[in-house]
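Taking it in order: structure first as structure tokens, then the write-up.
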Amino acid sequence: MASISLALSSLSTTTNFRSFSVFPLETKYKSRRRITKVSCNGADDQNNMIYKGNRRDVLIGLGGGLGAAASFTYNPFAAFADPVVTNPRSCNRPNLPVGAQPIPCCPPNIGSDQVEDFVFPIVVQERVRKPVHLLSDKEIADYKEAIKRMRELSPDDPRSFTQQANIHCAYCHDSYALNGSTAPPQVKVHFNWLFAPFHRWYLYFYERILGSLIENDTFALPYWNWDHPDGMYIPDIFNDRRSSLYDAKRNANHLPPVLIDLNWNNRAGDTSGDVDTNLRKVKQSIADVKAPDTFFGKNFAEGGGQFPASGTLELLHNTGHAWTGDPTDPNGEDMGAFYSSGRDPLFYSHHSNVDRLWTIWKDRFGGVDFSDDDYKNSSFLFYDENGKLVRVTVDQCLNMSSLGYRYDNAPIPWEFAGEETTTPIKVQSLSLPPPSLPLILNSTQSFAVKRPSKSRSKEEKAKKEEILVFEVAFDKSKNVKFDVLLFWKGDATEASPKNKEFAGSFVNVSHAPSPKDLAVQYQIEISDLLDKLGADDEDNVEVTLVPQYGDVPVTINNAYVAYLQL
Ligand code: C2O
């Protein structure tokens with residue numbers, strides 16, 4: 001058991017300090033942009049620890065000190081690693097959860113193919129992605145016809161629907177070794193910073209293949225607009241049993257007119273979601289998030305950590321998966337488990353919206369992509385619309401204009417969700433004790449986490465975000481959700497994004513099984529929330545964790561406050 005008083009007494013900057021960036025304070029949004037950077041290398045050639053990238057997930061004044069360091073389960077050398085390079089010579093059978101039908105997820109003939117570096121085709125006409133519920137009849141007909149033809153391709157054609165679905169299985173269930181190795185760690189595209197770029201590329205080729213199958217260069221993958229009241233249900237065109245867009249493995253209780261619940265708690269007799277909760281949840285996950293580490297997730301590089309951390313974009317999207325999958329299937333197929341989710345055509349429109357929220361975060365809310373070389377040089381393998389195997393880099397997909405598509409300018413109804421009712425309050429401390437770690441989350445738990453500093457100036461807050469970090473261990477093949485509230489005095493059953501004390505939700509969708517004690521981090525930005533709660537002068541942040549679902553309880557190995565460079 002970690003000693004919390006020891007852990008909190010030291011402000012260690014030694015274990016995680018690799019580089020830091022400096023942000024001049026300009027406007028609210030400009031202050032998030034990197035202007036100048038100072039970096040320092042950590043080691044020498046001899047021990048092969050040369051720092052290659054510009055890491056920005058630097059934790060300064062790590063409140064956990066020794067306690068945190070002792071229970072870190074991911075490899076600190078990740079910061080010195082190389083970018084993730086997918087090895088085409090080594091695709092293995094997936095590591096699937098119990099109850100899944102054993103399927104080989106690797107593409108046909110991979111390993112015997114030549115890989116070419118991807119070059120963008122010349123874009124003649126831009127492809128404009130629109131909300132599914134606003135498509136014209138012609139656009140609907142095109143979408144159905146394209147998927148129908150994709151389903152008709154021979155299953156060993158890499159462009160076929162079967163193979164497109166398998167791509168997700170292979171990248172999420174440990175099929176691909178990292179370049180030059182056959183042993184773990186394998187390529188993983190969830191719970192780390194590869195989540196957003198991997199799925200962008202995945203959709204890019206899926207869209208191009210569909211367009212080529214109907215010989216329509218302007219075909220654009222429509223998005224499931226679940227962040228708008230008119231799009232908060234499974235779009236009708238996916239529910240017609242005769243359509244190529246239909247998938248039988250969905251939650252029968254979640255068909256229209258039932259609204260999606262973006263804060264779904266999987267309770268018995270669960271009912272429709274509600275618009276206000278959904279809008280607040282999206283706002284909290286997108287508009288309120290400042291740093292790439294908390295928005296996209298943390299770094300995953302070759303030789304690095306197995307499960308660093310997912311960001312709010314991914315956590316929000318996880319609920320869309322869990323809510324859609326069939327609860328009568330042991331793993332929640334299709335959408336409720338990553339190996340099978342690509343078998344539901346709805347998956348791709350779900351991810352089109354996730355990809356859109358990434359662009360909105362950047363264009364509207366001043367979000368900035370990672371600039372680390374390990375990020376930009378990471379690469380994946382895909383088959384293009386001609387069935388050719390190509391290697392793409394993360395860097396190539398960060399500039400929307402070269403991708404040849406954009407999103408329509410749909411309204412953003414969640415931009416200010418919940419703000420009209422927010423009157424600043426002053427919370428009362430309950431003088432809770434520190435957590436007794438490791439904490440088994442089989443019931444609601446409340447405890448205090450020491451803050452290394454309090455009442456920071458505006459300037460300091462603009463430079464460094466205060467974050468609450470949990471190290472969470474659980475069986476990754478199980479769907480899990482727990483909520484986090486700060487200074488909460490209400491009943492656990494009432495916890496919801498409608499409460500001003502609500503800080504976020506940790507959500508896992510079933511993916512490759514792994515040792516239960518392999519922890520991931522869950523990091524939450526809390527500077528603004530503490531201000532809204534009038535709690536910035538408190539010595540501790542009082543935390544309530546509300547387990548919502550999960551077959552096995554999760555374990556909190558550590559909880560501490562740290563600071564993230566903005
Ligand atoms: Cu790869 Cu929606 O997940």
Side-chain angles (χ1 to χ4, degrees), residues 84 86 94-97 100 105 132 163-176 186-207 221 223-227 234 238 247 249-251 260 262 264 281-282 285-286 295-297 300 307-326 331-358 378 380-382 392 394 397 476-481 505-514 520:
V84 164
T86 309
N95 176 16
L96 297 175
C105 292
V132 178
Q163 293 299 335
Q164 289 299 303
N166 282 354
I167 289 172
H168 200 247
C169 168
Y171 275 99
C172 316
H173 286 266
D174 300 349
S175 289
Y176 284 112
Q186 297 90 347
V187 177
K188 292 180 192 303
V189 295
H190 298 93
F191 272 100
N192 64 58
W193 67 2
L194 298 180
F195 171 76
F198 168 80
H199 291 85
R200 170 167 286 179
W201 274 124
Y202 186 14
L203 299 192
Y204 174 87
F205 289 106
Y206 182 78
E207 178 180 81
L221 186 64
Y223 58 90
W224 178 10
N225 195 186
W226 39 252
D227 58 309
I234 297 181
F238 288 91
D247 183 50
K249 291 191 173 179
R250 295 195 189 125
N251 189 326
I260 191 171
L262 296 176
W264 189 54
K281 189 82 182 186
V282 178
S285 308
I286 310 294
F295 185 75
F296 297 113
F300 174 68
F307 292 100
S310 44
T312 51
L313 180 69
E314 183 178 355
L315 294 169
L316 171 68
H317 122 287
N318 282 352
T319 294
H321 276 273
W323 180 86
T324 308
D326 181 357
N331 292 311
E333 292 183 8
D334 284 330
M335 277 284 274
F338 284 149
Y339 67 88
S340 55
S341 54
R343 299 174 198 162
D344 188 339
L346 185 56
F347 169 93
Y348 306 89
S349 283
H350 178 46
H351 270 275
S352 188
N353 202 36
V354 174
D355 189 66
R356 171 178 161 264
L357 292 174
W358 174 8
S378 285
F380 313 107
L381 302 173
F382 287 97
V392 295
V394 166
C397 81
K476 316 294 183 298
S477 70
K478 304 291 184 205
N479 288 1
V480 164
K481 179 178 189 262
S505 305
F506 179 86
V507 182
N508 182 58
V509 172
S510 170
H511 57 287
S514 62
V520 301

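Indexing begins at 1, ligand by ligand and atom by atom, following the structure's order. Here the structure is a predicted model, which means the values were calculated and not measured.
Phe338 has its ring centre less than 6.0 Å from the ring centre of His190.
Within His321, the N/O/S atom positioned nearest atom 2 (Cu) of ligand 1 carries the name NE2. Within His317, the N, O or S atom at minimum distance from atom 2 (Cu) of ligand 1 carries the name NE2.
Between Lys188 and Asp174, at least one side-chain N (NZ, or NE/NH1/NH2) sits under 4.0 Å from a carboxylate O, which counts as a salt bridge.
Taking a cut-off of 2.8 Å, the protein N, O or S atoms nearer than that to atom 1 (Cu) of ligand 1 are His168 NE2, His190 NE2, His199 NE2.
The salt bridge (charged side-chain N to carboxylate O under 4.0 Å, His left out) search around Lys481 returns Asp483, not counting sequence neighbours. Evaluation of the disulfide bond (SG atoms under 2.5 Å apart) rule for Cys172 yields no partner, not counting sequence neighbours.
The aromatic rings of His168 and His321 sit parallel to each other, their planes meeting at less than 30°, with 60° as the upper class boundary.
Sequence neighbours left out, the pairs with a member in residues 190-201 that pass salt bridge (charged side-chain N to carboxylate O under 4.0 Å, His left out) are Arg200-Asp355.
In the model, Tyr339 has a side-chain atom that pairs as donor or acceptor with a side-chain atom of Glu333 under 3.5 Å.
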